[in-house]
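Note that the structure is a prediction, hence the values are computed from the model and not measured. Atoms within a ligand are numbered from 1 in the order they appear, just like the ligands themselves. If you read the sequence from its start, that first residue is 1, and numbering goes on from there. Scope of the values below: all heavy atoms of this structure, side chains included, with no hydrogens, waters or symmetry mates.
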Amino acid sequence: MPEQPKRPIFADIVAARIGRRQAAAGLGLGAAAALLSGTLGVPLGARMALAAGAPSTLTFTEADHAIGAGLQVAPGYRADVLIRWGDPVAADAPAFDPHALTADGQAKQFGYNNDFIAFMPLPRGSTSSDLGLLCVNNEYVDAQLMWPGIPDLKKTRNMNRAQVAVAMQANGHSVVEIRRRGGHWRVVAGSPYARRITATTPIAVSGPAAGHRRLRTAADPTGRAVLGTFANCAGGKTPWGTVLTCEENFQFYFGGDRKMSGQADHHERYGLAKTNRDPWYKFVDRFDIGKEPNEPNRFGWVVEFDPYDPHSTPIKRTALGRVKHEGAATWVDGSGRVVVYSADDEEFQCIYRFVTAGRYDPGDRAANRDLLDTGTLSVARFEDDGTMRWLPLVFGAPPLTAEHGFDSQADVLIEARRAAELVGGTPMDRPEDVEVNPVNGRVYVMLTKSRKRKKSATDAANPRGPNPFGHIIELLPPGADGGRDHGADDYRWELFLKAGDPAVAEIGAAYHPALSERGWLAMPDNCAFDARGRLWIATDQGEDQPKNGIPDGLYGCDVDGPGRALTRFFFGCPRGAELCGPEFTPDGRTLFVAVQHPGEEKGSTFDAPVTRWPDFDADTPPRPAVVAITKADGGPIGD
Ligand code: FEO
Ligand code: CA
Ligand code: CA
């Protein structure tokens with residue numbers, strides 16, 4: 001039986017008072033609480049008159065909400081650069097020289113465009129917050145900020161062979177050991193755990209699609225041994241201490257004649273084209289789909305690796321499906337099954353859930369290592385009445401049959417997008433992070449934006465068309481907070497907030513009405529929760545940042561109580577950057593964030609970047625970097 005709406009009496013009162021349409025438009029109980037406490041409708045000019053933070057439990061003074069060359073953080077906090085693109089990872093890494101980049105050097109140095117961050121405590125299994133492994137995705141390169149003569153990120157097709165070779169080593173993932181001493185985090189030089197995973201690292205393939213003919217290539221007739229992972233956007237951590245790194249926009253690196261591939265429609269669905277952003281296909285045959293039509297099928301997966309074993313081979317877990325995975329968040333259900341939430345980050349793509357067949361055994365790490373190979377992948381279908389259902393993607397169950405061109409579960413997984421569309425998954429407004437709140441067990445989905453959605457094609461879960469600022473929805477598995485059933489087929493859902501500037505009525509933003517002038521955000525992308533279950537939202541406005549006039553950064557808010565959806569601006573990136581990878585240490589006293597692509601702006605180049613953060617050296621371009629945020633008094637972030 002579907003779960004009853006939570007706290008129905010309160011919600012009904014509010015619905016009656018503010019009108020059904022407005023109640024359905026979002027905010028759930030936050031709006032309710034605000035209404036009853038008399039703050040709904042506070043005029044903009046009066047907003048700042050409220051006590052700092054009230055009624056949020058987050059009482060920090062908000063950071064400056066203006067675009068600048070450097071970063072900004074709430075007063076009373078420190079933001080220290082921990083590791084930058086080009087800093088040493090391997091013990092024998094050469095010193096960073098931005099005027100003489102080499103593939104061999106880059107293979108030993110911290111990669112470009114840091115995204116997802118996992119802090120993995122040392123020793124393994126502990127809750128150490130002073131020593132651990134920092135596992136960081138490196139999503140792509142800004143060639144125009146790495147070399148002279150490249151005018152724009154969208155005009156990188158004149159990259160030469162040597163530059164492509166560097167880019168292939170700057171993608172992937174970086175692992176470093178870090179230690180906090182005297183309140184300061186430092187990278188441990190020469191750590192045996194340090195490693196790079198790049199576009200040429202040997203990776204295994206497991207699950208139903210491993211070895212399938214559509215994964216076999218001339219170089220790998222087994223279909224089980226891929227070279228590399230790239231376009232690693234967000235990710236996740238498993239309860240058994242491994243890291244999930246997700247392949248997102250893999251299409252940018254492929255080119256060639258789709259028609260020669262025999263899979264033209266299939267490849268088109270994933271955005272593969274004759275030419276694309278990064279011309280790897282010009283120099284490396286396997287990225288030319290006319291020459292190697294199956295190579296793209298080997299990307300778009302969730303990759304699991306064990307950071308505690310630096311010699312372990314990462315594994316592509318095909319049971320989780322092949323899409324442009326933003327991230328992969330895990331949760332152990334009451335039954336012991338492991339649930340993985342993931343989303344396909346593109347306009348009109350879907351949200352997925354994988355539930356393992358086996359059960360997690362906290363006492364047997366080895367037995368957990370292949371849990372992600374067997375289970376059920378489903379796609380989310382949202383209804384306008386606030387219910388939603390997970391629709392399984394299982395070969396043989398109509399319409400996923402030979403009649404529709406599927407010959408096996410491997411086919412269903414390789415073509416997960418087509419399968420999702422056929423069963424009726426709901427096309428969403430670029431779904432990015434999907435994360436489980438560890439305190440209440442609800443699931444939060446960042447929907448970054450959609451310019452393509454027409455007003456006539458809106459629905460309750462994607463209520464604006466076009467939707468240039470994005471929104472956040474909350475999924476409610478059945479059961480009470482703290483004991484929700486993540487394996488159930490039917491959930492409920494609510495709108496949490498609608499982003500954009502609430503001062504501009506046409507935008508249709510919806511937050512807690514006590515929002516300050518600094519509290520509004522645009523394009524939620526990644527998120528994290530602190531120990532109290534508060535939501536921290538990282539934003540990525542892309543090329544709209546100058547137009548919006550606010551920096552990308554991090555906003556915190558309560559998810560319950562009178563401060564629900566009252567977002568407050570905590571950290572701002574340097575100009576041109578987006579914020580990724582928010583990750584707390586177990587003690588909540590350090591918050592790591594990834595400042596990605598500082599200086600990425602139209603016309604900003606290696607020779608004339610709009611910022612040179614973090615070095616501010618006339619000879620050094622801007623460098624993506626991980627920043628460690630701590631409170632000056634050493635206390636928990638946000639308290
Ligand atoms: Fe790589 Fe969805 O951002
Ligand atoms: Ca992202
Ligand atoms: Ca992003």
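Classification of the Trp331-His486 ring pair by plane angle, with boundaries at 30° and 60°, yields tilted.
Residue contact annotation: Glu432 places no N/O/S atom under 3.0 Å from the Ca ion (ligand 3). Counting backbone and side-chain atoms alike, Asp345 contributes no N/O/S atom closer than 3.0 Å to the Ca ion (ligand 3).
Residue-level check: among N/O/S atoms of Asp540, OD2 sits closest to the Ca ion (ligand 3). The name of the N, O or S atom in Glu578 nearest to the Ca ion (ligand 3) is OE1. Residue-level check: among N/O/S atoms of Glu326, OE1 sits closest to atom 2 (Fe) of ligand 1. Minimum-distance N/O/S atom of Asp345 relative to atom 2 (Fe) of ligand 1: OD2. Nearest N, O or S atom of Asp525 to the Ca ion (ligand 3): atom OD2. Distances from atom 2 (Fe) of ligand 1 to each N, O or S atom of Glu432 single out OE1 as the nearest. Closest to atom 1 (Fe) of ligand 1 among the N, O or S atoms of Glu139 is OE2.
With Glu247 as the fixed residue, the salt bridge (charged side-chain N to carboxylate O under 4.0 Å, His left out) test singles out one of Arg298, Lys316, Arg322: Lys316. Between Phe592 and the options Phe116, Phe571, Trp185, a ring-ring contact (aromatic ring centres under 6.0 Å, His included) holds for only Trp185.
Put simply, the side chain of Arg157 does not reach to within 4.5 Å of the side chain of Ile150, judged on heavy atoms. Annotation: side chain of Pro614 is in contact with side chain of Arg623 (closest heavy-atom distance under 4.5 Å).
Centred on atom 1 (Fe) of ligand 1, the OE1 atom of Glu248 and the SG atom of Cys233 lie at an angle of 100°, reported to 10°.
Across Phe254 and Tyr281, no two heavy atoms sit closer than the pair C-CD2, 3.4 Å.
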Go through Lys449 and Asp525 one step at a time and tell me if the salt bridge (charged side-chain N to carboxylate O under 4.0 Å, His left out) criterion holds. CA-CA 9 Å; Lys449 67 175 167 188; Asp525 184 337; over 6 Å; no

